[in-house]
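Below is one structure, written out as structure tokens; the observations come after it.
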Amino acid sequence: MRPTKIATIPIYARLLEDCASNKNLITLIQVHAQVISNGIHYHDFIRSKLVSAYASCAQMHQATLLFSFTNREPTFLFNTIIRAYASLKLFSDALAFFRRMLDARKPTDRRTLPSVLKCCAGLSALRLGRQVHGFLLVNGLVSDLANSNALVSMYARCGDFCVARKVFEVMPMRNEVSWSAIMTGYGMHGKASEVLVFFERMVGEGVKADAVCLTVVLSACSHGGMVEKGIEYFEMMERRFGIRPRLEHYTCMVDMLGRAGKVEEAEEMALKIEEETDEALWKALLGACRIHGKIEIAERVAQRVYGGG
């Protein structure tokens with residue numbers, strides 16, 4: 001007996017989730033065709049999965065088109081499209097959909113506003129961020145961890161550290177995202193010493209550092225010229241935190257050593273990286289060569305990157 005249309009919805013929902021997580025556009029198009037042939041493309045749950053999957057594959061035209069076909073345009077579908085635009089750093093487009101959501105008098109929920117606050121942070125729209133903060137307070141959503149983290153990030157990235165710290169300190173619960181949010185904000189504004197203070201406090205409170213936190217810390221050490229501290233944290237990544245350094249950590253270290261004039265050491269570290277490197281790492285090294293006049297190293301790097309050596 002063939003499964004009914006309704007019975008196939010969970011199956012296709014899982015397939016679409018896999019397409020989204022793997023960013024597999026070819027498979028997504030195939031699944032989409034099957035969804036249409038099975039007559040369940042009209043279902044809001046499936047349409048939401050389609051919108052999310054196309055957005056994950058950076059196909060926002062298709063995602064937006066599917067969104068426009070929805071009759072009821074429920075809150076969760078607005079959340080999907082707003083989150084998708086925000087994740088692609090298309091902040092103005094995300095906020096346009098948020099305004100459309102408000103104009104349609106659709107109710108917001110705890111999943112709506114973290115993405116909106118991310119857009120406020122990305123656009124340095126502090127005034128709108130404060131309005132969203134007020135909405136969260138009025139509706140009793142400010143204690144939600146995702147909303148609190150987004151508020152900390154928004155205020156810190158916008159440079160309002162006074163309020164960022166107030167929100168951070170009164171949070172009933174924090175996780176590694178909370179610490180990364182406030183440290184990233186301080187790091188963006190060149191406050192490297194404050195980043196390290198928060199990191200030491202985080203570790204002291206027993207919160208396990210993750211790869212993101214350590215990227216923020218190493219970047220702060222690089223931009224703050226704190227080479228010894230950077231080397232110390234890098235060396236304790238595996239030993240103390242059980243985190244194997246990844247490309248972004250090596251890039252921070254190469255940048256840090258290069259900025260400090262230790263270009264030979266930076267080159268040596270870059271050449272030891274086992275995983276595939278990217279343009280950002282070699283640009284950091286080439287930039288250090290230019291600043292410190294290391295022509296021979298620059299030639300070797302250029303040969304490696306552009307000459308296939």
Side-chain angles (χ1 to χ4, degrees), residues 75 78-79 82-83 85-99 101-102 107-210 212-224 226:
T75 292
F78 270 103
N79 290 349
I82 291 169
R83 183 171 59 250
Y85 272 116
S87 68
L88 294 170
K89 298 185 179 180
L90 298 171
F91 302 126
S92 295
D93 294 297
L95 291 180
F97 267 91
F98 179 57
R99 294 188 186 97
M101 182 180 185
L102 296 178
T108 60
D109 60 23
R110 64 184 183 85
R111 295 181 178 85
T112 307
L113 296 173
S115 297
V116 174
L117 287 167
K118 180 178 181 178
C119 296
C120 294
L123 297 171
S124 296
L126 184 57
R127 182 179 178 183
L128 177 58
R130 286 172 175 157
Q131 292 174 342
V132 175
H133 189 182
F135 178 89
L136 290 170
L137 287 168
V138 169
N139 289 275
L141 296 171
V142 75
S143 60
D144 176 80
L145 183 58
N147 283 316
S148 295
N149 286 342
L151 278 172
V152 170
S153 179
M154 185 276 296
Y155 280 116
R157 287 173 179 266
C158 289
D160 192 340
F161 296 109
C162 180
V163 179
R165 291 194 69 152
K166 284 181 179 178
V167 175
F168 181 84
E169 298 298 346
V170 301
M171 288 177 67
M173 182 176 69
R174 305 186 192 101
N175 59 8
E176 63 276 6
V177 177
S178 316
W179 294 92
S180 292
I182 197 158
M183 287 191 291
T184 298
Y186 274 107
M188 285 178 59
H189 292 273
K191 298 180 180 293
S193 59
E194 284 87 347
V195 173
L196 300 193
V197 168
F198 271 98
F199 182 69
E200 293 291 350
R201 178 180 162 190
M202 180 189 79
V203 174
E205 292 186 13
V207 180
K208 186 177 180 180
D210 62 7
V212 176
C213 283
L214 286 161
T215 301
V216 174
V217 170
L218 293 176
S219 178
C221 291
S222 174
H223 289 86
M226 296 179 286

For this session: Go through the steps for Leu113 and Phe98 under the test side-chain contact (heavy atoms from CB on, under 4.5 Å), then give the verdict.
Result: CA-CA 9 Å; Leu113 296 173; Phe98 179 57; 3.9 Å; yes
Problem set entry | Nearest-0.5 Å distance, CG of residue Leu141 to OG1 of residue Thr108 | 7.0 Å
Enumerate donor-acceptor pairs with a distance under 3.5 Å from any side-chain N or O in residues 191-199 to protein atoms, sequence neighbours excluded.
none

Problem set entry | Check: Asp109 side chain, Thr112 main-chain N or O, donor-acceptor pair, under 3.5 Å | yes
Exercise. How would you list, by chain and number, every residue that makes a side-chain hydrogen bond (donor to acceptor under 3.5 Å, both in side chains) with Arg110, sequence neighbours excluded?
Worked result: none
For this session: Please check if the side chain of Arg174 supplies one atom and the backbone of Phe168 the other of a donor-acceptor pair under 3.5 Å.
Result: yes
Pairs of donor and acceptor atoms involving the side chains of residues 176-186, under 3.5 Å and at least two apart or interchain, shall be tabulated with distances.
residue : atom : partner : partner atom : Å
Ser178  : OG   : Asn149  : OD1          : 2.5
Ser178  : OG   : Asn175  : N            : 3.0
Ser178  : OG   : Asn175  : O            : 3.4
Ser178  : OG   : Asn175  : OD1          : 3.0
Ser180  : OG   : Glu176  : O            : 3.1
Thr184  : OG1  : Ser180  : O            : 2.7

With a 3.5 Å cut-off and sequence neighbours excluded, list the donor-acceptor pairs that the side chains of residues 114-140 form with protein atoms.
residue : atom : partner : partner atom : Å
Arg130  : NH2  : Asp160  : OD2          : 3.1
His133  : ND1  : Tyr155  : OH           : 2.8
Asn139  : ND2  : Phe135  : O            : 2.8

Exercise. What is the distance from atom CG of Leu218 to atom SG of Cys221, rounded to the nearest 0.5 Å?
Worked result: 6.0 Å
Seminar exercise, completed: Heavy atoms of Val152 and Met171 approach each other most closely as CG2-SD, 4.1 Å
Seminar exercise, completed: The reported gap from CE in Met188 to OG in Ser219 (rounded to nearest 0.5 angstrom) is 10.5 Å
Exercise. Which atoms form the tightest heavy-atom contact between Met101 and Pro107, and what is the distance?
Worked result: CE-O, 3.4 Å
